[in-house]
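We use all heavy atoms of the structure for the numbers below, so side chains are in, but hydrogens, waters and symmetry mates are not.
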Amino acid sequence: FKELHLNLGDCWTIFCDNKQTIRLIIDEQERVSTKLRHVDIQNMWLRQEHSKGTFQVTYLPTSEMPADGLTKNLPRFKFEHFRTLLNLQDVRGKIEVLE
């Protein structure tokens, strides 16, 4: 982000619905057991950035995850909730036709 000259503020929050992922980032004693080097490097980088205070990870239950509206087929009531989270409104009937 710095290379793009994008300043997101001091510390930003990542919401995650996976408690094990949060534990792998926050707990110093936790280790990922894999032979895939890129996974280990990524995990270490995330821990490093978290310890520097670049971001914090907060648990958010799956039922409340706003990103689901972009990644899953939702039932109507969940879609309506997603739409209100984004402050989207139905504009049918509210648009004047310009001629």
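- Tracing side-chain contacts under 4.5 Å through hydrophobic residues (I, L, V, M, F, W, Y), one never reaches Leu60 starting from Ile14; they form parts of separate clusters.
- We find the CD1-OG1 distance between Ile22 and Thr58 to be 7.5 Å, quoted to the nearest 0.5 Å.
- Closest heavy-atom contact between Asp17 and Pro61: CB-C, 4.2 Å.
- The structure places CZ of Arg76 at 12.0 Å from CG of Leu74, a figure rounded to the nearest 0.5 Å.
- Atom NE2 in His50 sits 12.5 Å away from atom CG in Leu24 (nearest 0.5 Å).
- Rounding to the nearest 0.5 Å places NE2 of His81 at 10.0 Å from CG of Leu86.
- One distance of note links CG of Asn18 with CZ of Arg23; it measures 9.0 Å at 0.5 Å rounding.
- Between Trp12 and Phe55, the angle of the ring planes lies from 30° to 60°, which puts this pair in the tilted group.
- Between Val57 and Ile26 the shortest heavy-atom distance is O-CD1, 4.3 Å.
- No side-chain heavy atom of Thr71 sits under 4.5 Å from any side-chain heavy atom of Met65.
- Of the inter-residue distances, the one linking Phe79 atom CZ with Asn73 atom CG reads 10.5 Å to the nearest 0.5 angstrom.
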